[in-house]
2 protein chains.
Amino acid sequence: MNSPNEATVNQYEMIIKKARDRVIEALAKNMDLYGITLSVGHLYGTMFFQDKPMTLDEMGAAMGMSKTSMSTGVRQLMEQKMVNKVWMKGARKDHYEVDQDWYQNFIDYFSTKWRKAIDLNVQALRRSMNDLTLLKEKDDLPEELQRCVETDLEKLQNALDYYDWLSRLIDLLESHEIFQYVPKKL
Amino acid sequence: MNSPNEATVNQYEMIIKKARDRVIEALAKNMDLYGITLSVGHLYGTMFFQDKPMTLDEMGAAMGMSKTSMSTGVRQLMEQKMVNKVWMKGARKDHYEVDQDWYQNFIDYFSTKWRKAIDLNVQALRRSMNDLTLLKEKDDLPEELQRCVETDLEKLQNALDYYDWLSRLIDLLESHEIFQYVPKKL
DNA sequence: AAGTTTGTAAAGTTTTTTCTTAACGTATTA
DNA sequence: TAATACGTTAAGAAAAAACTTTACAAACTT
């Protein structure tokens, strides 16, 4: 039983391929949570099971898509730090491989995207709160507007508190302190 | 100074409007993190500063858009639990208001979206791991394929561990236990 | 220096998404 | 029962995104 016939081997290979494809499909489908398109998700999945770093041409062949698409797709994945460019001994073509640390991928995505959102919103909130606080000082402010300013200021302060919380949540992730409370290994 | 002229009041109102618009703009821009489009984000922002529940017609007027768009937009926001339908004493039109609990909004979004992704991926992972484990038992499996199965199984197990971690992270949020480690009030 | 190879940018096409107008169904009023 | 109001579905138009082909610039080879 040590040298099976070719048909059996093909069948075995098919099982592996199907097992991979199933996972790739599921993976790709849910990468929209990372703002990543289905086809780029497929690319990621393909690279995930490739045990060697891939070139753009290899990706194009595996995906049946243009090299340009691979180039932009890989760039997106690199921006999310899900894929790294690897330097290979005397090779002209660029080689890429997936970063297998999904915990860090998650954290990086979270940090980058949400931190940016927080900064932008907090900046707007601060400015508007400042404007409204100045307005509140005016002693000829009609009572109706005064109440309006009050409630707005309260809302903005609540928002600010929330973003502060979110910022600290990100800190917890980035510092890996989270693993104290939600440990990696079950 | 208790009855300012009309021009001054208009100026004051303008300041409030600008303060609100700045925040609305920033808010809307970042709601893509919730999978929400810019215009629907604007709708959310508009409702956020409205102190009374709004009808679809009021929204349409405020946004300069069709009622149909308001209908679908509000539905999206309701799916994310960012907006609630409020029942109003003897009113024919439906009224909606934003849910001001941003912490819960965040948690809900997180739970819903990521939990779904986890379930789908874990299901695929389990099936493929099962297939591969069965394949590993075959005693006529060529050595090359055997190694392939081994590394694949390891990858899938790592993925499974990651999703388990993510699931526990979501538990931490959903149970509000997170507020013990990252408290709301600074 | 001429000729390849490799990666990316630009332009154009196809597909998808977003928004509007029009039509429908249900509920309310007269 | 007829008439009106309200929300939503369906179909079409406009805008945006994804992909491909073509073209180009930089690096390497000879």
Please report the distance, rounded to the nearest Å, between [atom1] in [X] and [atom2] in [N].
| X | N | atom1 | atom2 | answer |
| --- | --- | --- | --- | --- |
| A/Lys67 | D/dC19 | NZ | P | 18 Å |
| A/Leu43 | D/dA18 | CG | C1' | 14 Å |
| A/Glu58 | C/dG7 | CD | P | 11 Å |
| B/Asp57 | D/dA5 | CG | P | 11 Å |
| A/Met70 | D/dT20 | CE | P | 7 Å |
| A/Asp32 | D/dA18 | CG | C1' | 15 Å |
| B/Leu56 | D/dA5 | CG | P | 16 Å |
| B/Leu38 | D/dA17 | CG | P | 11 Å |

- Kindly determine whether A/Ser69 and A/Ser66 satisfy side chain to side chain donor-acceptor pair (under 3.5 Å), including the steps that lead there. CA-CA 5 Å; A/Ser69 290; A/Ser66 73; 3.2 Å; yes

- Item | Sorted by number, the residues of residues 84-94 of chain A with heavy-atom contact under 4.0 Å to DNA chain C | A/Arg92, A/Lys93, A/Asp94

- Message: Applying ring pair (Phe, Tyr, Trp, His ring centres under 6.0 Å) to A/Phe110 and B/Trp114, what does each step give before you reach the verdict?
- Response: CA-CA 13 Å; A/Phe110 215 82; B/Trp114 286 88; 7.9 Å; no

- Closest non-hydrogen atom pair between B/Lys136 and B/Leu141, with its separation: CA-CD2, 4.4 Å

- Query: Which residue pairs pass the ring-ring contact (aromatic ring centres under 6.0 Å, His included) test with at least one member in residues 43-86 of chain B, sequence neighbours excluded?
  - Reply: B/Phe48-B/Trp102

- Phosphate OP1/OP2 of C/dT20: any B/Ser69 side-chain N/O under 4.0 Å: yes

- Phosphate contact (C/dC19 OP1 or OP2) by B/Ser39 side-chain N/O below 4.0 Å: yes

- Item | Over 12 non-hydrogen atoms of neighbours within 6.0 angstrom of CD in B/Glu6 | no

Let's see if you can work this out: which of [options] has an atom nearest to the side-chain heavy atoms of [X]?
| X | options | answer |
| --- | --- | --- |
| A/Thr37 | D/dA18, C/dC19, C/dT6 | D/dA18 |
| B/Ser66 | C/dT21, D/dC19, C/dG7 | C/dT21 |
| B/Thr68 | C/dG7, C/dA22, C/dC19 | C/dA22 |

- Task: Could you tell me how the ring of B/Trp165 sits relative to the ring of A/Phe179: parallel (under 30°), tilted (30 to 60°) or perpendicular (over 60°)?
- Result: tilted

- Atom pair CZ/NZ of B/Arg20 and A/Lys155 - distance to nearest 0.5 Å: 6.5 Å

